[in-house]
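Worksheet: the structure to be examined is printed underneath.
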Amino acid sequence: MSTSSYTAVNKPVVSKDRVLPLGQRLSYGVGHIFNDLCGSMWFSYLLVYFVGVVSISNVNAGIIMLVGQIADGIFTPIVGLASDRTKAGACKIGKRKIWHLIVYSCKTFKVGDLQNLVNQQRARLVGDRSGGNKYI
């Protein structure tokens, strides 16, 4: 029998010094719950906005949300693997923070694209030829 760090039922053995304190585990759990609640509210608002304000059909609004969730499901593990393989942090901010900066920069540009899409849809509904942007 080998002397590996696994038990008879193939579960890894966790040493006592690697277990998080109860308060910290509860904090992570509460933070995760609030993160999910925030995401649910955001998705609910976005669906109402797409259907009620932008006048996108229910099916198309659902497809937009589904595509976003599929993209999230694909890219989350990819970014996770890339951040795990990142060596020392750039600019002394840590190896994960640089990935936060990259991802949130991309999200910032996507919000602008979403607003442009909304402006174009509004312009199409009211017959405006400027693309919805009154300042051009």
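In this structure, L26 is not a member of the same hydrophobic cluster as F34, with clusters built from ILVMFWY side-chain heavy atoms closer than 4.5 Å. Each of I74 and V79 belongs to its own hydrophobic cluster when Ile, Leu, Val, Met, Phe, Trp and Tyr are linked at side-chain heavy-atom distances under 4.5 angstrom. Note on L47 and F43: same hydrophobic cluster, where clusters join Ile, Leu, Val, Met, Phe, Trp and Tyr whose side-chain heavy atoms are under 4.5 Å apart, directly or indirectly. By the criterion of side-chain heavy atoms lying less than 4.5 angstrom apart, applied directly or through intervening Ile, Leu, Val, Met, Phe, Trp or Tyr residues, W42 is grouped together with V54 in one hydrophobic cluster. A single hydrophobic cluster is not seen to contain both F75 and M65; linkage of ILVMFWY side chains at heavy-atom distances under 4.5 Å, directly or through other members, places them apart.
For the pair P77 and D72, the tightest heavy-atom approach, listed with the atom from each and the gap, is CD-O, 4.4 Å.
In this structure, the side chain of T76 does not engage the main chain of G73 through any donor-acceptor pair within 3.5 Å.
For the pair I64/I56, a side-chain contact is recorded, criterion being any heavy-atom separation below 4.5 Å from C-beta on. No side-chain heavy atom of Y45 sits less than 4.5 Å from a side-chain heavy atom of V48. Side-chain contact between F50 and N60 is absent, with no heavy-atom pair separated by less than 4.5 Å.
With rounding to the nearest 0.5 angstrom, the CG atom of N35 is 9.5 Å from the OG atom of S40. The line from OH of Y28 to CD1 of I33 is 15.5 Å long, rounded to the nearest 0.5 Å. The CG atom of D84 sits 6.5 Å away from atom CG of L81, with the distance rounded to the nearest 0.5 Å. Separation of atoms CG (L46) and CE (M41) is listed at 13.5 Å; rounding is to 0.5 Å. In this structure, the separation between NE2 on H32 and OG on S27 is 14.5 Å, given to the nearest 0.5 Å.
Residues forming a side-chain contact (heavy atoms from CB on, under 4.5 Å) with V59 (at least two apart in sequence, or on another chain): S57, I63.
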